[in-house]
Amino acid sequence: MAQRCLWDKSHTCFPNHRYPCDFLCEKCNEEIYYKYQALYKPKQFEANIDMIKEQRKLTMEREWTEGEAWIVKTLGLDVLVKIDLFDKNLI
């Protein structure tokens, strides 16, 4: 049975045993969850999904230092989001 992806409500997801998060579509499992799987098990990710989305938004909107810009360019935005989550003791 189809349901809405919790990360992006415009996506439809089908529970699939190939992916760890049956509440995310295939695309969001691959592009979002896999970047956070070292920090969160699927149930923990589901419980904290709104906090992670909010922190991603805040991280994208704020002015980055030169070092942070390098992190985003080289390692990706999600690495900077994880650093922000640690800095705010949200992990």
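Here the structure is a predicted model, which is why all the values come from computation and not from measurement.
I32 has its side chain out of reach of I52: every pair of non-hydrogen atoms, C-beta onward, lies at least 4.5 Å apart.
In this structure, the salt bridge (charged side-chain N to carboxylate O under 4.0 Å, His left out) partners of R62, at least two apart in sequence or on a different chain, are E68, D84. With sequence neighbours excluded, the residues satisfying ring-ring contact (aromatic ring centres under 6.0 Å, His included) with Y33 are F45. Listed by chain and number, the residues in a salt bridge (charged side-chain N to carboxylate O under 4.0 Å, His left out) with E46 are K43 (sequence neighbours excluded). Here K88 pairs with Q55 under the side-chain hydrogen bond (donor to acceptor under 3.5 Å, both in side chains) rule; sequence neighbours left out. K35 is linked by a salt bridge (charged side-chain N to carboxylate O under 4.0 Å, His left out) to D78, counting only residues two or more places apart in sequence or in another chain. Contacts of D22 classified as side chain to side chain contact (heavy atoms under 4.5 Å, CB included), with partners at least two apart in sequence or in another chain: P15. Residues passing the side chain to side chain contact (heavy atoms under 4.5 Å, CB included) test with A2, sequence neighbours excluded: T12, F14. In terms of the side-chain hydrogen bond (donor to acceptor under 3.5 Å, both in side chains) criterion, residue partners of E30 (sequence neighbours excluded) are, by chain and number, Y19. With sequence neighbours excluded, the residues forming a side chain to side chain contact (heavy atoms under 4.5 Å, CB included) with C13 are Q3, C25, listed by chain and number.
Among residue pairs with one or both ends in residues 57-91, none qualify as ring pair (Phe, Tyr, Trp, His ring centres under 6.0 Å); sequence neighbours excluded. The salt bridge (charged side-chain N to carboxylate O under 4.0 Å, His left out) pairs that include a residue from residues 7-16 number zero, where partners must be two or more places apart or lie in different chains.
With rounding to the nearest 0.5 angstrom, the CG atom of L90 is 11.5 Å from the CG atom of L39. Taking CD of Q44 as the start and CD1 of I49 as the end, the distance is 13.5 Å to the nearest 0.5 Å. We find the OH-CG distance between Y36 and L85 to be 6.5 Å, quoted to the nearest 0.5 Å.
L58 and V81 sit in two unconnected hydrophobic clusters of ILVMFWY residues. Membership requires side-chain heavy atoms under 4.5 Å apart, directly or through other members.
Summarising the geometry of R18 relative to Y34, their closest heavy-atom pair is O-OH, 4.4 Å, with the distance given to 0.1 Å. Counting all heavy atoms, side chain and backbone alike, I71 lies closest to L80 at CG2-N, 4.2 Å. In terms of heavy-atom proximity, P20 sits nearest to N29 at CD-OD1, 3.7 Å.
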